[in-house]
Amino acid sequence: MTVTQCARQSPGRAGRSPTDSRGPGGSDGVTTGVLKRYDNIIKSAEDKREYRGLQLTNGLKVLLVSDPTTDKSAAAMDVNVGYLSDPDELPGLAHFCEHMLFLGTEKYPEENEYNKFLSEHGGSSNASTSSDHTTYYFDVLPDHLGKALDIFAQFFISPLFTESATGRELSAVNSEHEKNAASDTWRLDQLNKSTADPDHPYHKFGTGNRDTLETIPKQKGIDVRKELLKFHKQWYSASIMTLVVVGKETLSELEALVAPLFTQVADRGTRAPSWPQHPYPEGRRRKRAYCLPVKDLRSLSIDFPIPDTRKHYKSGPGHYLSHLLGHEGPGSLLSALKAKGWCNSLVGGTRIGARGFGFFGVQVDLTEKGTEHIDEIVELVFQYIAMVRREGAQRWVWEEQRDLMAMEFRFKDTQEPRSLVTGHVHLLQEFPMEDVLSAYYLITEWRPELIDELLELLIPENVRIGIVAKCFAEKCTQVEPWYGTKYLQEDIEDAKINAWKAAKPPPELHLPPPNEFIPSRLDLETSSDVTSEAIAPAIIKDTPLMRLWFKRDNEFMLPKAFVTMDLVSPLAYADPVCCNLTSVWVLLLRDQLQQFAYAAELAGLRWSLGNAKYGLSVTIDGYDDKQHVLLEKIVDSIVHFKTDPQRFEIMKESHVRAIRNFEAEQPYQHAVYHQALCLSDLVWTRCQLLDAAKEITAEQLDDFAARMMRRVHVEALMFGNLTRQRALQIADTIESKLPKDATPLLAQQLMLYREVELEKGAWYVRETENSVHKSSCASLYYACGVRAARSNVTLELLAHALSEPCFHVLRTKEQLGYIVFSGVRRSNGVQGLRVIVQSDRHPAFLERRIDAFLQGAREYLENMTEEEFAKHRSALAAQRLERPKRMSSKASQLWSEITAQVYNFDRPRVEVEQLNTVTKEELIQFYMKHISADSSERQKLSVHVLSTAEGGAGRREQDEDETDTTGKQAEPIKITDLVEFKCRRRLYPHPIPFTNIPRKGAQCKL
Ligand SMILES: [Zn+2]
């Protein structure tokens, strides 16, 4: 896989003169506050949106995007500063500052004003802090962009940083760090930083915690709130900020909205910091580090310090080398590593550290055997680099990439407003205005000397090697200070360096062949088809073996299609052994197809092959021209599967490790898992799967795969730029590829799994422990019955109305923890309300706090004015009616109706019609019936995940009990024996199909 970090470089060049610079004070509606205007932004030929760049008088750079058809508006602000600019004595200050901006400004002093407004108007928001950027964004219904922008702008004009909020929000920052503390991604990232030059800011700890932002500053007499104000004053300057706004207004209207507001942001003349010195100077190269992971992970990274390559975005030298080293086709580095049985996956490419420096890296996973051949893997990397050097920069390789990227730019799916603003607000910091949309797509300058220059840096003398594996635990005698990660860093021996310098490429390493998946036909179908105007796809083939749904697209108008296919078999989940065999089979299939399908991926054909309880699923999405070639290859691989015994052992080990590693997942994920264990009629537990996995063999898999393909039902959807003849042809080819002796399944074998029904008035609790994370978790679920149009929207409305207050009360006010979630849970056709809190407090305490919040919700709902109620209802309605922006999202919507066997293809319209007649009274009744503790019909399931890690809540229940003042609560019934629990409960029926479509398997015998 190739990774080229799409981000940010300050090329240090002035924007070219704008084509339109009427300037302030001009006639036709020119806005004050605008210094320059850019109407020459390069966009894709198919892009219907309009763009304008602005430079305001205070230096703020703005990109305006006008889209009269948009059903969401959005904005993002980026400040060109991050945690590398934290004061040395206050690690995490930039991040803390980011949290604080949301909590009140002079004009809007209420702590939850922003989120409340967004929630009532169909919006959402978030923010992030990286090494050299801090980014804020929101989206909202188009009619409310103006007000949302006004609230948003105040963050950068006059934030309050109140004493009270500062004190409390620190807990959220600390809880965020605790969430990361046992996560290997965060630990490894910090280990890299901690082994950098200590005088370089890259060395810093960026998240911050209670120690760095409260305890230690207190000891030193530092006033953190004052420092926050100082930091904001120093860095939050219009001169280093960029803003992107998407709205339905015209460009001039957007300009008139944005300019007067954002010119109020102070220009303090601040310049964006840059770090041209590399954090790994001479003395910190030629290093090898071993690191002990929390999970049972095995990986090897081979990194080279390089300069920031973004200034060369027009010639893409980093992209060229990333393409070759990350290739997975014939002759590639990965193919050679796989042939040796050392690795299964590889990611290669450039990444930016922060403005001024970067890395070129190759990262591979390691098989058990791979851990014994580390130096040889590194040698193979140097052999591949030597081959690339020997071949010299190849113009045809570069041109192939150039053409593919230009094609991608031309036929890009419409971006969601929210991802458009967050992506481009960074690009705006780094690229000239006219290139802000095209910078990573259009490469125009062939400059082989830049490729050579970069290649010169990928030498053994510069290398830094990182090995992550439990088997090196004994070596790891050093401790990283922020996360406590055990590791050892050592120098690489001269002899090794010399051997790698002399690396000669073996014949199996060569440049990739020309890509045969590049589409040659990019025309749109012009013939007419009834399905193009219809809402529902049509069944155009229905045999006992296969059912095909088809719909011609008339909305996206791109030369693309989406093909998805389920191969259903009751065998897939029949018992834990079968479940394991299916999983390992899928791993092996992906492994087998990788080399062939990689070229297709490069040519814009995304594909996936997965397994679920019902069987296998295959999806292909992208240019329709050569889709069938890939699909047929995938089906061939499935039908004619033959296990390679060596690959089998490797994939089995990887599968077993993945099951085991779930142990170290976040507590809230454990809660979600246990909830499913209790509520789904049939689930094999991780323990059962682990036990059964030990005994599976390659012979078993061959037999299993053959048996499964002889008794299978295929259901497929083809949607997009396709004719029904072509769709039928593809489907017929697939059917003809099934084994000749294949027989259809029986109708009963196509039934869906079902959900356990809790009896009315019941309250159950499932308790479990986790020993890895310090955080505990409580998840409360209130079942609301089988899905139906009216209860769907009433429940959604309840969740919508409670979401913001839930976050405000449990996180901002009570500071229970960083992860506070509330929303609808749906499974097996049944739904309910769920609230999850992950915290350093005891789950029993969390249960009481969530309950208290939900009890208070009655008053909240009753006191809600009709106007507020109407706002929530129309916000939800608008959200539900939002059109999918991509062909693939639309296809997924259709497909989910098919797999759930409900077939309500017009669901948004049908349900919004219901929603519009739900009254406040009805909402309160719904709450009183399903959520209120006073209800005799309430059906509640709690899951408690208790941390038994050192410093966790495992031994603290007594302290927490003192805060319990209610005392009157009933006691829940503990679920200890899952089978006993389930066999005493009823199962819910499935929702009734919405339209009269022959049941899936209606062609099959009963
Ligand atoms: Zn944060």
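Every heavy atom of this structure was used, including side-chain atoms; hydrogens, water molecules and symmetry mates were not. Indexing begins at 1, ligand by ligand and atom by atom, following the structure's order. Every value quoted in this text rests on a predicted model; they were computed, and no experiment measured them. When a residue number appears, it is its place in the shown sequence, counting from 1.
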Could you tell me whether Glu113 and Lys116 have a side-chain N and a carboxylate O separated by less than 4.0 Å?
-> no
Below 2.8 Å, any N, O or S contact between Glu98 and the Zn ion (ligand 1)?
-> no
Looking at Arg351 and Asp303, does any basic side-chain N land under 4.0 Å from a carboxylate oxygen?
-> yes
So what does the His95 NE2 - the Zn ion (ligand 1) - Glu176 OE2 angle come to, to 10°?
-> 90°
Ignoring hydrogens and angles, state whether a donor on the side chain of Ser164 or Thr162 is under 3.5 Å from an acceptor on the partner side chain.
-> no
Give a yes or no on whether a salt bridge exists between Glu416 and Arg886, defined as a side-chain N under 4.0 angstrom from a carboxylate O.
-> no
Just give me the atom name: the N, O or S atom of His99 closest to the Zn ion (ligand 1).
-> NE2
